[in-house]
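First up is the structure itself, then whatever we jot down about it.
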Amino acid sequence: MEISDNMDLDQEISKTVGSPLLESKVRIACRDVNVFYNKNVQAIFNVNLDIGKNQILAMIGPSGCGKSTLLRCFNRMNDTIEDCVVDGLIELDGENIHSKKIDPVVLRANVGMVFQKPNPFPKSIYDNVAYGPRLHGLTQNNSELDDIVEESLTKAGLWKETKDRLNKPGTGLSGGQQQRLCIARAIAVKPEVILMDEPTSALDPIATATIEELMSELKSAYTIVIVTHSMQQAARISDRTAYFHLGRLVEVDETGHIFTNPNHSLTENYITGRFG
Amino acid sequence: MSNLEILLILIIAAVIAYYATKRQAQSWQASRDKTKLDSLPNYYGYFGAICTLLPALIVLSFWSFIEGNIISALVVSKFERLSASNASDLSLVMNEIKIIVESGLSEKNSNDLFYEKAAVLIERYSSVSLFLKVASVFALSILGFMYAYLKITPRFKARKKVEKTAVYFLLLSALVAILTTAGIIFSVLFESIAFFSQISIFDFVFGTHWSPQIAIREDQVSSTGGFGAFPLFWGTILISIIAMIVAAPLGLISAIYLAEYAQPKIRNVVKPILEILAGVPTVVYGFFAALTVGPMMSGLGDRLNEFGMSFEIELFAGLVVSSESALAAGLVMGMMIMPFILSLSDDVISAVPDSLRDGSIAMGSTKSETVWKVVFPAALPGIVGGFLLAISRAIGETMIVLMAAGVAANLTANPLNSVTTVTTQIVVLLTGDQEFDSIKTLSAFALALGLFVTTLILNILALQIVRRYREQYE
């Protein structure tokens with residue numbers, strides 16, 4: 001599909017189709033969010049979106065559509081990028097995350113993040129998981145820390161494989177294990193939300209299946225937002241799916257609805273593989 | 001016809017050969033039956049050029065290398081007077097004869113008929129040699145071209161041959177550097193062995209008395225000579241430690257600032273300036289140390305002394321700072337290697353992948369927590385490697401010490417005294433009028449060997465550590 005005129009596009013996707021807003025149990029709320037790079041390049045246009053508690057929201061769309069940018073707004077990781085301006089209201093549990101009262105450091109402890117490429121620190125497996133709890137002073141003594149490490153690794157499905165080699169470097173694990181270690185590291189600080197930026201794109205199908213299973217289990221305790229390029233993955237694990245196109249949120253709905261009966265032609269084209 | 005002219009003609013011949021063989025290859029290609037060539041016509045050209053140039057070049061350089069010696073030997077064998085004399089006399093006489101040859105035979109500038117005879121002989125041999133050289137080189141060149149021209153066929157694997165020659169050429173270039181290093185090592189090693197045949201290694205390494213002056217004449221008032229190098233190695237270590245105490249924290253902290261905190265604008269200005277600082281010749285640092293820092297410190301010492309006296313404080317009573325002190329040299333040397341440490345550490349810290357920083361920040365750590373708990377440990381092996389390289393630079397440094405720390409071989413732990421280092425003593429031993437076969441001169445080689453071994457070990461260690469660091473992220 002050729003896009004010749006931006007005006008047409010604006011018209012076509014001026015309003016998000018589906019049900020972007022929720023009535024209750026809202027954890028993250030975005031209202032009129034715009035993101036700019038270098039002042040004149042706009043990456044996100046007027047996004048209105050609610051993310052519910054204990055839900056998995058999948059964000060899909062072609063490369064460069066702004067899904068990762070929006071994800072990084074939720075824990076203010078975009079602060080670390082120079083010339084990146086986030087405009088509009090983003091609330092976590094009813095509180096504006098850009099307000100002066102909120103310390104981004106505390107926010108990031110509440111909103112964990114798992115990256116596309118596994119990035120364990122060049123430390124031991126134990127120290128990787130203990131990094132957050134130590135940083136935020138979550139434990140009083142070593143045995144409490146041991147408990148947190150065991151609990152997090154167990155939740156991430158890595159305890160059995162690593163309990164005998166906790167002092168070995170985390171970089172020595174396989175790719176899938178490293179990614180689960182990063183998930184364990186993220187949940188060790190007991191966040192409310194976990195953001196995942198294409199967490200399985202660098203992994204083989206077996207490791208991917210393990211992590212997808214893990215996400216479904218984590219859903220009961222956490223809100224998960226996942227960016228993915230795999231529509232099968234979105235269909236398998238998410239409760240709601242949001243389709244982005246060139247910085248616009250085109251359509252959000254229950255995952256089952258989006259994949260069986262998309263309302264917007266752009267969404268349909270992408271899902272059926274005609275575009276993307 | 002000089003070697004340069006021969007070389008020029010050879011190169012022209014090679015260019016002609018290139019085009020001739022290339023044309024031949026192209027003509028096959030263009031022929032009616034459209035013969036398929038094994039390689040591009042260029043490669044046939046290269047092959048022709050190589051065959052024309054290479055053998056001739058090898059003979060030319062080899063001939064030029066041995067020509068002088070052969071002629072000398074021939075001349076010597078002709079004259080009984082020369083063949084009978086000993087080595088050092090012979091070289092003197094031969095030099096004189098060569099001077100006569102160079103200044104031209106027509107001028108009757110020598111009153112000795114013998115010299116003249118020899119000079120005439122040398123010139124005759126030289127012209128014969130030149131004729132043979134030119135003839136053989138050009139003959140080889142032409143033969144080489146003919147060989148190439150006859151050898152090539154459409155099926156001839158010219159590209160493979162050229163590739164192979166290129167590999168040998170690269171190998172040869174690498175060999176030059178390796179052989180030079182080996183030559184230096186062996187010359188140092190053999191002279192050191194000669195030295196250690198007179199002074200035992202144990203006395204040299206652990207002896208504490210260093211005074212290499214030996215009486216040249218029987219009646220001279222001089223020391224008997226002591227070759228205990230321990231004070232020198234200790235002085236080297238002391239000054240290097242002081243330098244590292246100054247340079248390591250300063251360099252590392254500035255590197256962290258530059259790599260992690262500085263705005264690109266600041267970084268783009270500061271880094272080049274510091275790299276200029278690293279390029280300042282050490283002799284400039286040397287006179288800064290000798291003329292500014294040294295006197296300043298000794299003045300400061302005197303001031304403290306007076307101060308202690310006026311308040312009757314015992315502490316400063318014995319404080320004497322000589323104007324040439326290990327401290328002054330160490331401080332300035334620290335300033336010298338600081339940019340070096342900064343630059344290496346900055347590279348290593350910048351090489352830590354951003355994904356680690358993002359990971360740490362996303363965990364809710366502040367910038368400084370990220371730097372100290374994630375980035376710094378990740379970069380540590382590389383930083384240590386940089387430190388070791390910096391230490392071997394400090395150990396090898398000569399001028400600053402020579403100018404600021406003195407040449408007195410004191411064995412002292414007090415940085416306010418003057419000390420001396422291995423490199424400085426080598427300079428002292430080998431400058432001025434020296435007998436080259438005296439034990440004093442030989443001791444310089446032994447010192448050089450000790451220094452060489454030390455820095456070699458440090459460098460190997462540093463490379464090992466840096467390599468291990470690289471493996472972690474690849």
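Residue numbering restarts at 1 for every chain, and letters A, B, ... go by the order of the sequence lines.
- With a 4.5 Å cut-off on side-chain heavy atoms, B/Ser365 and A/His136 do not count as touching.
- In the displayed structure, A/Tyr126 atom OH is contacted under 6.0 Å by more than 12 heavy atoms of other residues, nucleotides or ligands.
- Taking every heavy atom of both residues into account, B/Gly359 and A/Phe115 meet most closely at CA-CE1, 3.6 Å.
- For the residue pair A/Val105 and B/Gly364, the shortest heavy atom distance occurs at CG1-O, 2.9 Å.
- The shortest distance between side-chain heavy atoms of A/Arg72 and B/Asp358 falls below 4.5 Å.
- For A/Val111, the part lying near chain B is the backbone, with the side chain staying farther off; criterion is any non-hydrogen pair under 4.5 Å.
- For CZ of B/Arg159, the number of neighbouring non-hydrogen atoms (other residues, nucleotides, ligands) closer than 6.0 Å is 12 at most.
- With a 6.0 Å radius and a threshold of 12 heavy atoms from other residues, nucleotides or ligands, B/Phe169 has its CZ atom at or below the threshold.
- In this structure, CG on A/Asp103 lies 9.0 Å from OG1 on B/Thr366, to the nearest 0.5 angstrom.
- Across all non-hydrogen atoms, the minimal contact from B/Leu356 to A/Pro122 is CD1-CD, 3.7 Å.
- Within the 4.5 angstrom heavy-atom criterion, only side-chain atoms of A/Glu82, from C-beta onward, approach chain B.
- With a 4.5 Å cut-off on side-chain heavy atoms, B/Met363 and A/Arg108 do not count as touching.
- Side-chain contact between A/Phe121 and B/Pro377: absent, with no pair of heavy atoms (C-beta onward) separated by less than 4.5 Å.
- There is no contact between A/Pro104 and chain B, counting heavy-atom distances below 4.5 Å.
- Contact of B/Lys373 with chain A is made through backbone and side chain together, with heavy-atom distances under 4.5 Å.
- The most heavy-atom pairs under 4.5 Å with chain B, out of A/Gln116, A/Lys117, A/Arg185, come from A/Arg185.
- The heavy-atom pair separating B/Thr370 from A/Tyr131 by the smallest distance is CA-OH, 4.2 Å.
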